[in-house]
Number of protein chains: 2
Amino acid sequence: MLRAMPNNTPKPPVISDVARRAGVSVPTVSRVLNGAAYVSEEKRSKVMKAIEELDFRPSAAARALVARQPKLIAVIAGNTSRYGYAETIRGIEESARGAGYTVSITVVESAEDEIVARAVSLVLDQPLAGVVVLKFDPPGVAALHRIPKSIPTVSISGVREVGVPQAVLAEADAAAEVVDYLLGLGHETVQHVRVPPSRKEDGRTTGWRRALVAHGARVPVPVDAGWEPESGREIGRALAADPAVTAVFCGNDEIAMGVIRGLTEAGKSVPGDVSVVGFDDHPLARMWTPPLTTVDQDFAGLGSRAYGLLETLIAGGKPKKFSSERPTVIIRESTAPPPA
Amino acid sequence: MLRAMPNNTPKPPVISDVARRAGVSVPTVSRVLNGAAYVSEEKRSKVMKAIEELDFRPSAAARALVARQPKLIAVIAGNTSRYGYAETIRGIEESARGAGYTVSITVVESAEDEIVARAVSLVLDQPLAGVVVLKFDPPGVAALHRIPKSIPTVSISGVREVGVPQAVLAEADAAAEVVDYLLGLGHETVQHVRVPPSRKEDGRTTGWRRALVAHGARVPVPVDAGWEPESGREIGRALAADPAVTAVFCGNDEIAMGVIRGLTEAGKSVPGDVSVVGFDDHPLARMWTPPLTTVDQDFAGLGSRAYGLLETLIAGGKPKKFSSERPTVIIRESTAPPPA
DNA sequence: TTGAAAGCGCTAACAA
DNA sequence: TTGTTAGCGCTTTCAA
């Protein structure tokens with residue numbers, strides 16, 4: 001553990017050091033620092049010089065203490081490095097940075113009470129302007145429940161839910177469109193391989209089911225995959241054994257790639273024997289063999305919209321309850337009519 | 001832009017509110033907060049109760065001001081969402097969180113002076129315990145130069161460099177090993193497709209060149225790729241036209257996948273006609289067709305080691321100059337002897 | 001245009 | 001065991 005020991009670096013200069021060196025009062029230094037108020041050219045330059053010489057930086061802690069709104073936005077997520085998460089965070093950070101905010105990220109490793117409490121508490125220990133919670137998974141959902149109402153908060157999700165303002169990517173509609181497309185190609189039904197859901201059922205699964213039912217098609221039991229492509233591979237191998245499956249809709253591209261690999265290893269051809277669709281439009285989806293039919297999700301835009309909602313909230317405004325957008329289906333070469 | 005408007009959320013409770021409600025003095029509240037000193041069971045429970053009721057959280061800003069070390073670590077990077085970056089950040093965050101730190105991320109979009117200055121300034125405006133700079137690219141390198149020496153700082157890189165303490169993944173050695181392996185298979189030389197380097201030459205290129213020279217093999221002119229797999233594809237197509245290239249060593253897996261795709265599209269077989277090696281062991285590398293021979297880089301471990309260095313620095317200790325580790329070559333199926 | 005004084009929310013030192 | 005008194009480094013009145 002870290003001990004509170006004296007730091008070996010020299011104590012950094014403070015504002016009074018600058019004032020003394022420049023021969024002015026502390027508030028005057030503060031004035032030139034903030035570009036505000038009137039300061040004579042003479043003093044201003046003296047102060048600037050002193051700042052340079054001392055390599056002075058105002059203490060962020062002191063500034064934060066004094067009235068000023070904190071300039072930190074916390075992002076809470078169950079994961080930071082998987083494609084969708086990373087891109088969403090990128091979108092948040094980019095927008096936030098543009099407005100002068102820094103973003104912190106903290107991951108909640110599981111939905112277990114103690115883990116969630118510890119992570120949230122860590123987050124709240126910083127001086128925060130607001131928080132964005134990625135509700136892509138159970139840890140995210142659990143974390144949201146623990147954020148005090150007094151802190152401006154928005155969430156990000158794949159489905160509309162009541163609660164704090166929310167940026168959403170309307171997955172269900174896109175999923176339904178995928179199924180429509182596949183059924184239109186002549187497939188009798190569409191198998192679904194889903195990623196770990198954030199709740200009982202995620203938007204992709206809901207949309208898939210809805211479309212199947214709307215078409216009067218048989219609704220197969222969804223197969224659960226993990227987050228790793230490897231789990232898709234195993235499922236692909238298993239699916240290959242069932243001649244009834246001619247079309248598979250996967251919860252994300254990585255899983256789809258794994259499924260394709262498993263199918264191929266088991267001797268099936270994609271899309272000749274079975275069509276496979278992913279979700280997300282991962283950068284490698286178009287490089288895949290065959291290039292993957294998938295759904296483009298603008299994660300960065302999603303993050304950016306979440307920031308927008310939060311900004312309104314922080315400013316004391318009343319943002320829309322939802323900022324919703326519809327992902328786009330991208331048809332490439334992993335889908336075709338079923339074998340005759 | 002965000003205006004400094006009054007917030008609509010109620011002003012959060014402060015320590016004096018708790019003290020008043022509990023009928024004790026402010027320092028007493030502080031004492032129970034910090035678990036220190038003697039406080040009677042009676043008052044302690046009164047205070048706890050007041051804290052609960054008010055949902056009070058001590059102001060991090062005030063705490064930071066008063067001697068206590070801030071609990072925020074800033075990560076500065078040229079990117080946050082690409083595989084290696086995201087994983088490295090994950091490693092940092094995980095270790096930092098374990099020790100009670102939150103991590104902020106801010107990206108530096110280019111090495112342009114103004115951009116770098118703005119980003120760094122944003123970072124320094126937070127009360128920081130220390131900073132980790134990802135020197136994987138020019139923006140990262142530029143940012144490092146702007147961090148004041150008074151702030152505990154470590155960097156992360158693929159090659160050893162003088163300066164602040166550094167966590168390194170010894171790319172050059174691994175790259176050399178790849179070339180040794182390929183040459184051992186019988187290839188006359190190895191073409192190199194590199195990702196945008198952080199400096200004149202990155203470790204992967206250095207190791208590749210070194211091994212080639214050591215074997216007395218011809219050293220081809222490296223081909224520059226971008227970060228997108230798509231750029232690899234174009235290069236692959238171009239490379240297919242040159243019968244002299246039978247082995248290609250790529251700067252990362254995404255590029256390698258693009259190269260393989262380009263090669264394949266141009267009618268070459270991998271590894272029959274040309275062998276391709278990637279770098280990073282991306283999660284999809286083993287799913288690829290053919291499964292990719294690559295180099296496993298433990299990015300999360302790298303991030304974790306960087307945190308370790310920083311922790312020592314923050315505690316006032318003197319960390320090693322380098323925490324170096326050697327990536328491992330992973331041979332899969334995208335490499336074979338050259339065609340007869 | 002400038003400085004003196006007050007105070008942000010908290011912890012540390014000192015008495016009691 | 002507890003309260004009183006001082007600040008931490010800065011910004012913000014308020015006078016001058």
Side-chain angles (χ1 to χ4, degrees), chain A residues 4 6-7 10-48 50-51 54-71 124-129 150, chain B residues 4 6-7 10-48 50-51 54-71 124-129 148 150-151:
Chain A
N7 202 308
K11 196 170 177 304
V14 297
I15 196 170
S16 56
D17 297 327
V18 176
R20 196 170 319 114
R21 184 171 193 120
V24 303
S25 70
V26 165
T28 296
V29 176
S30 174
R31 285 176 190 118
V32 349
L33 244 28
N34 297 291
Y38 311 91
V39 179
S40 65
E41 225 1 278
E42 185 209 344
K43 303 212 164 177
R44 160 170 268 105
S45 67
K46 273 188 187 165
V47 169
M48 290 301 236
I51 289 179
L54 262 27
D55 190 19
F56 165 80
R57 302 220 139 240
S59 147
R63 285 188 147 178
L65 181 56
V66 155
R68 260 155 112 298
Q69 287 287 337
K71 283 301 198 177
L124 298 179
D125 275 354
Q126 296 295 328
L128 254 31
S150 60
Chain B
N7 200 310
K11 196 168 176 304
V14 298
I15 195 170
S16 55
D17 297 326
V18 176
R20 194 170 321 112
R21 183 170 194 120
V24 302
S25 71
V26 166
T28 295
V29 177
S30 174
R31 284 176 192 119
V32 349
L33 244 28
N34 297 289
Y38 310 91
V39 178
S40 65
E41 226 359 279
E42 185 209 343
K43 302 213 165 177
R44 159 171 270 105
S45 68
K46 274 189 186 163
V47 169
M48 290 302 238
I51 290 179
L54 262 28
D55 193 17
F56 165 79
R57 304 221 138 241
S59 145
R63 285 187 148 179
L65 181 55
V66 156
R68 276 160 88 74
Q69 286 287 337
K71 284 301 201 178
L124 297 179
D125 273 355
Q126 296 294 328
L128 255 31
S150 60
I151 299 181

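Chain naming here is simple, since letters A, B, ... match the order of the sequence lines and numbering starts at 1 in each.
Among the atoms of the strands shown, base atoms are found under 4.0 Å from some heavy atom of A/V26. B/P58 comes within contact range of the sugar-phosphate backbone alone, with a heavy-atom separation under 4.0 Å but no base atom that close.
Remark: nothing in residues 13-20 of chain A comes within less than 4.0 Å of DNA chain C through any heavy atom.
Not a single donor-acceptor pair under 3.5 Å links the side chain of A/Q126 to the backbone N or O of B/A60.
As rounded to whole Å, 16 Å separates atom C1' of D/dC8 from atom CZ of A/R63. B/L54 places its CG atom 15 Å from the C1' atom of C/dG9, with the value rounded to the nearest Å. Between the CZ atom of B/F56 and the P atom of C/dG9 there is a distance of 10 Å, given to the nearest Å. Distance B/R31 CZ to D/dT4 P: 11 Å, rounded to the nearest Å. Straight-line distance from the CG atom of A/N34 to the C1' atom of D/dT11: 7 Å, rounded to whole Å.
Between B/L124 and B/P148, some side-chain heavy-atom pair lies under the 4.5 Å cut-off. The shortest distance between side-chain heavy atoms of B/L33 and B/F56 falls below 4.5 Å. In this structure the side chain of B/S16 reaches within 4.5 angstrom of the side chain of B/V26, judged on heavy atoms.
Note that the two end axes of the helix from C/dT1-D/dA16 to C/dA16-D/dT1 enclose an angle of 40°, each drawn from 5 base pairs, rounded to 10 degrees.
Taking 3.5 Å as the limit, the base of D/dG9 and the side chain of A/R57 contain no donor-acceptor pair of atoms between them.
Nearest nucleotide to the A/Y38 side chain, out of C/dA4, C/dT1, C/dC8: C/dT1. Across D/dT2, D/dG3, D/dG9, the shortest atom-to-atom separation from the side chain of A/S59 is found for D/dG9. Minimum atom distance to the side chain of B/V39 is reached by D/dT2, of the listed D/dC10, D/dT2, D/dT13. The nucleotide whose nearest atom lies closest to any side-chain atom of A/L65 is, among C/dT2, C/dC10, D/dG9, D/dG9. Counting only heavy atoms from C-beta on, B/T28 has its side chain closest to D/dG3 among D/dG3, D/dC10, C/dC10. Residue B/V66 has its side chain nearest to C/dT11 when only D/dT4, C/dT11, D/dC10 are considered. Ranking D/dG7, D/dG3, D/dC10 by closeness to the B/K43 side chain, first place goes to D/dG3.
A search for side chain to side chain contact (heavy atoms under 4.5 Å, CB included) contacts involving A/D125 returns A/S121, B/R57, not counting sequence neighbours.
Summarising the geometry, atom CD1 belonging to A/I15 is positioned 9.5 Å from atom OG1 belonging to A/T28; distances are rounded to the nearest 0.5 Å.
Of all non-hydrogen atoms in B/A62 and B/S59, the two that sit nearest each other are N-OG, 2.9 Å. Shown here for B/V29 and B/A19, the closest heavy-atom pair between the two residues is CG2-CA, 3.6 Å.
Of the side-chain N and O atoms in B/S40, one or more sit less than 4.0 angstrom from OP1 or OP2 of D/dT2.
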### Query
Given B/N34 and B/R63, is the side-chain contact (heavy atoms from CB on, under 4.5 Å) satisfied, shown in steps?
CA-CA 11 Å; B/N34 297 289; B/R63 285 187 148 179; 3.5 Å; yes
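A side chain to side chain contact (heavy atoms under 4.5 Å, CB included) with B/R44 is found for exactly one of B/M48, B/K46, B/E42, namely B/M48.
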